[in-house]
Student: 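The structure follows.
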Amino acid sequence: MRRFTTPTVPHRFGVWLAPAVAALGLVTGLLPETALAAPETRVPGEVLVQLRSGADLPAVQTAYRLALVSRFGQRPIFRFSLSGRQDMDAVVNALRADPRVAAAEPNFHAGAPEARKRSVWSVGTPGAYTTQWAPAALGLAAAHTQATGQGLRVAVLDTGIDRHHPAFAGRVLPGWDFVDGDADPSEVGTPGTGGYGHGTHVAGLVSLAAPGAQIMPLRVLDASGEGNIWVLAEAMLHAVDPDGVPSTPDGARIINMSLGTTQRTEILDLVTRLVECSDDDDDDDDDDDDDDEDVPLDDPGYDDDRERCNVLGSAVVLAAAGNSGSATEQQFPAAENSAGSMAVAASTQRRTIASFSNFGAWIDVTAPGEGLTSPVPGGGYGVWSGTSMATPLVAGVAALLLERNPDWRPEDVTKRLRETAVGLCGTPLRQVHADAAVRNVQFPSHSCGSPRR
């Protein structure tokens with residue numbers, strides 16, 4: 001029986017743009033030291049609930065005076081709004097104590113920090129896009145003689161995309177805008193505001209690493225570069241089954257998320273495992289956590305997930321590690337620690353960890369993330385730095401591996417990426433190497449001088 005283990009940690013959100021900013025936000029370019037953090041806020045009156053059985057929905061709604069806002073298909077996972085003057089903390093605590101409830105938490109969001117109101121990229125050139133340092137550092141030229149990601153779909157959950165950019169000609173699949181609820185996942189905003197251009201830049205780096213892959217753009221962040229748990233989880237489930245028919249293998253095999261929170265959330269943890277088709281019976285880490293609680297996934301609402309997983313409807317989840325330059329801060333979903341996911345930090349041309357990148361032991365791999373050129377809205381190119389930029393390069397390499405090994409599960413991909421990564425200087429973290437991963441060889445690490453950290 002598939003099961004999911006839920007954590008019991010508090011659910012206070014933060015974002016990667018600045019410490020203590022409470023939102024699901026971008027891992028974007030570096031912020032000035034004077035960047036201000038916005039206070040934590042919640043989506044007013046909204047709670048997210050996973051029931052053990054969908055049959056308990058009417059009784060739970062009545063008991064807690066909850067109005068149904070949305071549901072993940074037939075799964076017993078719900079977005080509710082509270083009634084009247086109900087106290088959210090009291091309701092969430094009562095739900096968590098209810099034996100019919102597997103998980104309950106608020107839905108969070110926040111305003112954009114003041115530091116986002118600036119130019120977020122410097123102007124780049126088309127020539128620099130293909131000749132920059134990152135492809136050589138990853139061994140992409142040699143890897144592309146073996147695979148280009150042909151036939152693979154990579155879902156990019158971000159601010160949207162400029163689908164008319166010439167760099168994406170023939171490479172962009174139909175997507176969805178989960179912010180506005182329509183089929184146009186275009187970037188919204190203007191240069192220098194919010195996260196405008198971030199999704200296009202990220203998608204361009206996927207294409208740089210896997211030129212044969214197709215991009216599925218899913219807009220989950222608004223014009224301020226912010227979103228919430230529900231929208232992100234909704235997009236992840238859409239990515240692996242866009243037509244809603246689990247027997248058709250039309251979903252993305254790779255999900256790129258250059259965004260996240262500073263606290264683990266039960267709903268996001270569950271959805272990550274659903275899209276990976278992971279089974280916690282194989283997760284040894286669960287046995288060491290006395291606070292965890294086994295939640296069966298035998299409700300009929302998960303039948304489509306089981307069917308999808310039986311037709312290779314699983315996805316590797318790549319998530320950015322964050323830009324706080326910290327050894328202790330963890331970011332989620334990057335730090336979910338499931339076999340089919342990877343947390344990606346950023347490295348430099350000097351073969352070191354970038355000064356802005358988180359670098360804790362929970363991080364799986366690194367990839368180039370400093371001063372990278374990629375498409376930006378309007379047909380141009382921009383230069384940006386961040387762990388956001390490193391993550392799509394790893395997503396592209398994952399596509400190369402899946403082209404060569406189409407029957408691999410997500411954990412097979414992550415295992416190969418770790419085992420063939422090459423050493424960096426001054427850190428135990430290792431950098432993904434596309435050529436080594438595709439050919440399943442190990443290259444010696446470069447010689448280094450004095451350790452950086």
Side-chain angles (χ1 to χ4, degrees), residues 4-14 22-24 40-111 157 176-181 218 220-222 226-238 244 260-261 263-275 293 295-305 332-333:
F4 170 66
T5 305
T6 55
T8 56
V9 297
H11 306 292
R12 299 181 59 189
F13 263 62
L24 173 68
E40 180 179 271
T41 59
R42 300 168 175 176
V43 176
E46 287 194 358
V47 295
L48 309 183
V49 177
Q50 178 198 6
L51 297 180
R52 295 176 183 275
S53 171
D56 290 326
L57 172 61
V60 170
Q61 278 191 263
T62 300
Y64 298 97
R65 294 185 293 151
L66 302 174
L68 182 63
V69 176
S70 188
R71 178 177 183 172
F72 289 148
Q74 295 302 309
R75 304 173 187 90
I77 310 172
F78 308 92
R79 182 180 187 178
F80 292 119
S81 62
L82 305 182
S83 303
R85 297 179 178 273
Q86 287 178 286
D87 179 81
M88 182 180 292
D89 289 334
V91 172
V92 169
N93 288 333
L95 285 165
R96 289 176 176 170
D98 192 317
R100 298 168 294 187
V101 176
E105 59 196 16
N107 196 15
F108 288 90
H109 76 96
L157 281 59
W176 192 260
D177 185 336
F178 288 89
V179 178
D180 294 334
L218 301 176
V220 297
L221 301 174
D222 63 18
E226 297 160 8
N228 61 67
I229 296 176
W230 184 265
V231 168
L232 176 58
E234 190 175 27
M236 292 174 70
L237 292 170
H238 174 93
T261 81
Q263 294 291 335
R264 173 175 285 145
T265 77
E266 295 159 306
I267 298 302
L268 190 55
D269 198 349
L270 168 60
V271 170
T272 298
R273 297 183 187 279
L274 287 177
V275 302
E293 174 187 13
V295 179
L297 298 181
D298 53 2
D299 184 274
Y302 298 109
D303 285 350
D304 282 355
D305 292 298
F332 299 92

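Predicted model, so just to flag it, every value in this text is computed and none were measured. Sequential numbering from 1 along the given sequence is applied to the chain's residues.
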Student: Does N228 form a side chain to side chain contact (heavy atoms under 4.5 Å, CB included) with R79? I'd like the steps, not just the answer.
Tutor: CA-CA 12 Å; N228 61 67; R79 182 180 187 178; 4.0 Å; yes
Student: Can you tell me how the ring of W230 sits relative to the ring of F72, calling it parallel under 30°, perpendicular over 60° and tilted otherwise?
Tutor: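 Plane angle under 30°, so parallel.
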Student: Are the side chains of Q74 and D304 in contact, using a 4.5 Å heavy-atom criterion?
Tutor: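 Not in contact.
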Student: Which heavy atom of P333 sits nearest a heavy atom of T272, and at what distance?
Tutor: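 Residues P333 and T272, closest heavy atoms: CB-OG1, 4.1 Å.
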Student: Would you name the heavy atoms of S53 and P76 that are closest together and state the gap between them?
Tutor: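 Nearest pair, atom of S53 first, then P76: C-CB, 4.2 Å.
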Student: Step by step, work out the side chain to side chain contact (heavy atoms under 4.5 Å, CB included) result for D305 and L297.
Tutor: CA-CA 10 Å; D305 292 298; L297 298 181; over 6 Å; no
Student: With the side chain counted from C-beta on, respond yes when I77 and Y302 share a heavy-atom pair under 4.5 Å apart, and no when they do not.
Tutor: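 Of all side-chain heavy-atom pairs linking Y302 with I77, at least one is under 4.5 Å.
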Student: Checking L95 against V60 for the side chain to side chain contact (heavy atoms under 4.5 Å, CB included) test, could you report, in this order, the C-alpha distance in whole Å, the side-chain angles of both residues, the deciding distance, and whether it holds?
Tutor: CA-CA 9 Å; L95 285 165; V60 170; 4.1 Å; yes
Student: Answer yes or no: is there a side-chain heavy-atom contact under 4.5 Å between V179 and L221?
Tutor: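 V179 does not reach L221 side chain to side chain.
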Student: Which atoms form the tightest heavy-atom contact between A235 and L157, and what is the distance?
Tutor: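 Of all heavy-atom pairs spanning A235 and L157, the closest is CB-CD2, 3.8 Å.
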Student: Using modelled atom types only, decide if a donor and an acceptor are shared between the side chain of E266 and the backbone of E105 within a distance under 3.5 Å.
Tutor: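 Not a single qualifying donor-acceptor pair exists.
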Student: If the plane angle is over 60° it's perpendicular, under 30° parallel, otherwise tilted; pick one for F78 and F80.
Tutor: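 Because their plane-to-plane angle is under 30°, the rings of F78 and F80 count as parallel.
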Student: State whether the side chain of D299 and the backbone N or O of G54 hold a donor-acceptor pair below 3.5 Å, judged by distance alone.
Tutor: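 At least one qualifying donor-acceptor pair exists.
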Student: Looking only at heavy atoms, what is the nearest atom pair of V92 and A104, with distance?
Tutor: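 Closest heavy-atom pair between V92 and A104: CG1-O, 3.9 Å.
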Student: Once side chain to side chain donor-acceptor pair (under 3.5 Å) is applied, do any residues pair with R65, and if so which ones, sequence neighbours excluded?
Tutor: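 Per chain and number, R65 pairs via side chain to side chain donor-acceptor pair (under 3.5 Å) with no residue.
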Student: Walk me through it: do L268 and M236 pass the test side chain to side chain contact (heavy atoms under 4.5 Å, CB included)?
Tutor: CA-CA 9 Å; L268 190 55; M236 292 174 70; 3.8 Å; yes
Student: So, for G301 and R75, which heavy atoms are closest and what is the spacing to 0.1 Å?
Tutor: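 Smallest heavy-atom distance, with atoms named: O-CG, 3.4 Å.
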Student: Just wondering, do V101 and L51 contact through their side chains at under 4.5 Å, heavy atoms?
Tutor: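 Answer yes - side chains close enough.
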Student: Please report the interatomic distance CG(L48) to CG(N107), rounded to the nearest 0.5 Å.
Tutor: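 Interatomic distance, L48 CG to N107 CG, rounded to 0.5 Å: 4.5 Å.
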